[in-house]
Amino acid sequence: MTPDARSGSSPDFLVIGHVARDLLPAGAWRLGGTAAYAALTARRLGLRAAIVTAAPTDVLAALASAMPGVPVAAVPSAAATTFANIYDGGHRRQYLRDRATPLGLDAVPPAMRLARVVLLAPLAREVAPELAAAFPAALVAATPQGWLRAWDGEGLVRPAPWGDADRVLPHLRALILSREDLMGPALADPGADPGADALAGASADDTGAGVARRLAAWARPGLSLVVTDGAAGADLIVGGAVERVPAHPAREVDPTGAGDVFAAAFLSALADGADDRAAVDFAHRAAAYSVEREGLDGIPTRAMVEARR
């Protein structure tokens with residue numbers, strides 16, 4: 001845990017999840033993970049951001065360098081959650097190479113438990129489901145991609161059912177995920193166990209009807225569901241009504257982290273009092289900036305987002 005994490009100040013925006021090593025083709029790596037992208041987005045939008053994570057010292061050093069002044073409560077871990085991402089034709093093939101220590105409530109310092117906005121951001125099933133109920137006074141949201149993943153012996157990441165959804169969803173104000181997160185055979189039955197057949201691709205249900213069934217199973221009163229779909233925009237689902245909110249055009253250079261930037265910008269707008277549709281539009285503008293530069297360098301300031309039309 002860093003000295004800042006032990007201080008008495010409470011953040012506006014807390015992200016709980018692993019920061020990651022994202023491997024690059026030449027063998028180097030760069031900082032990745034929703035925790036890094038979302039916290040830096042919140043900070044650049046003017047909020048006091050903080051992170052609860054687990055990682056070894058070299059990753060924590062990279063995190064501190066990328067976002068000085070952002071308090072980090074770090075559980076010691078010999079390993080870092082490490083991904084290799086391969087993009088082909090707009091789709092990503094992902095491998096999990098290593099995984100850091102899981103995160104429970106004991107990882108969250110008392111001051112950070114008073115955050116106004118809490119984003120649960122698992123990458124590899126590391127965030128304990130009971131954390132959703134641990135912040136009753138906060139705007140709590142989740143990007144559930146890490147709860148929707150399993151991996152085989154080679155580390156190839158595949159879709160998996162969200163077995164703990166009923167423990168998490170009643171405590172959320174918002175659930176933000178990509179259409180890619182909803183696709184895959186293991187998600188066809190929300191209560192199923194992701195066995196070998198599912199990981200191999202058997203009984204796929206990637207149809208629109210299958211996606212609609214999954215979203216209907218997760219719907220709750222008071223929950224805003226946002227399903228992003230890249231340049232095609234996002235579906236905003238509130239109270240059973242679905243509205244497509246168009247994206248803002250962008251010259252894509254690097255899509256990594258765009259969904260995390262979107263999530264943090266959406267929640268920042270909600271916390272400022274925006275309605276759901278206006279928050280989605282604000283998030284689209286932030287994400288459009290983020291894809292136009294490499295990695296964390298693309299995250300915009302509030303002034304940049306508000307000026308983009």
Side-chain angles (χ1 to χ4, degrees), residues 17 34 90-94 96 119-133 140-152 156-245 247 258-260 262-263 266-267 276-277 279-280 283 287:
T34 300
H91 296 282
R92 178 176 65 179
R93 190 165 72 254
Q94 188 171 63
L96 179 66
L119 176 59
L120 306 179
L123 295 181
R125 297 181 173 243
E126 78 275 14
V127 176
E130 56 265 26
L131 280 168
V140 182
T143 51
Q145 61 178 336
W147 288 318
L148 296 171
R149 288 171 170 162
W151 44 92
D152 62 19
L156 179 63
V157 175
R158 298 283 193 179
W162 187 7
D164 291 313
D166 287 340
R167 299 173 60 191
V168 174
L169 289 166
H171 306 286
L172 300 186
R173 167 64 176 82
L175 184 72
I176 308 120
L177 66 165
S178 72
R179 188 156 297 276
E180 182 181 5
D181 293 330
L182 288 164
M183 307 300 262
L187 293 175
D189 177 0
D193 180 58
D197 288 343
L199 291 174
S203 304
D205 184 8
D206 290 347
T207 66
V211 168
R213 283 196 298 273
R214 290 160 210 156
L215 292 173
W218 296 339
R220 299 289 190 283
L223 175 68
S224 297
L225 277 164
V226 183
V227 182
T228 62
D229 196 9
D235 286 334
L236 171 63
I237 306 167
V238 181
V242 182
E243 180 182 4
R244 173 56 64 103
V245 182
D260 307 323
F262 179 101
F266 174 74
L267 296 174
D276 286 335
R277 194 195 188 286
V280 171

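We find the OG-CG distance between Ser224 and Leu236 to be 6.0 Å, quoted to the nearest 0.5 Å. Between the CG atom of Leu120 and the NE2 atom of His171 there is a distance of 10.5 Å, given to the nearest 0.5 Å.
Across all non-hydrogen atoms, the minimal contact from Arg167 to Pro170 is C-CD, 4.2 Å. Shown here for Ala287 and Ala258, the closest heavy-atom pair between the two residues is CB-O, 3.9 Å. In terms of heavy atoms, Leu175 sits closest to Leu172 at CD1-CD1, 3.9 Å. Closest approach of Asp164 to Pro129, counting heavy atoms only: OD2-CG, 3.3 Å. Between Asp276 and Phe266, the closest heavy-atom pair is O-CE1, 3.7 Å. The two residues Val127 and Ala121 come nearest to each other via the heavy atoms CG2-C, 4.3 Å.
A 4.5 Å side-chain heavy-atom check between Leu267 and Ile176 finds at least one atom pair inside the cut-off. Contact check for Leu119 versus Thr143: side-chain heavy atoms found under the 4.5 Å cut-off. For the pair Leu225/Val238, no side-chain contact is recorded, criterion being any heavy-atom separation below 4.5 Å from C-beta on.
No more than 12 heavy atoms of other residues, nucleotides or ligands sit less than 6.0 Å from atom CZ of Arg93.
A salt bridge is absent between Asp181 and Arg214: the closest approach of a Lys/Arg side-chain nitrogen to an acidic carboxylate oxygen does not fall below 4.0 angstrom. Contact check on Asp166 versus Arg220 returns a salt bridge, with a Lys/Arg side-chain nitrogen under 4.0 Å from an Asp/Glu carboxylate oxygen. Between Arg179 and Asp235, at least one side-chain N (NZ, or NE/NH1/NH2) sits under 4.0 Å from a carboxylate O, which counts as a salt bridge.
With Arg149 contributing its side chain and Arg125 its backbone, the two residues share no donor-acceptor pair below 3.5 Å. Side-chain N or O atoms of Asp229 include none that pairs as donor or acceptor with a backbone N or O of Gly233 at under 3.5 Å.
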Could you walk me through whether Leu215 and Leu182 pass the side-chain contact (heavy atoms from CB on, under 4.5 Å) test, one step at a time?
-> CA-CA 9 Å; Leu215 292 173; Leu182 288 164; 4.0 Å; yes
Could you please spell out the steps behind the side-chain contact (heavy atoms from CB on, under 4.5 Å) verdict for Leu156 and Arg158?
-> CA-CA 6 Å; Leu156 179 63; Arg158 298 283 193 179; 3.4 Å; yes
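Ring geometry for Trp147 against Trp162 counts as parallel: the plane angle stays under 30°, on a 0 to 90° scale with 60° as the upper cut.
Side chains of Thr34 and Gln145: a donor on one and an acceptor on the other come within 3.5 Å.
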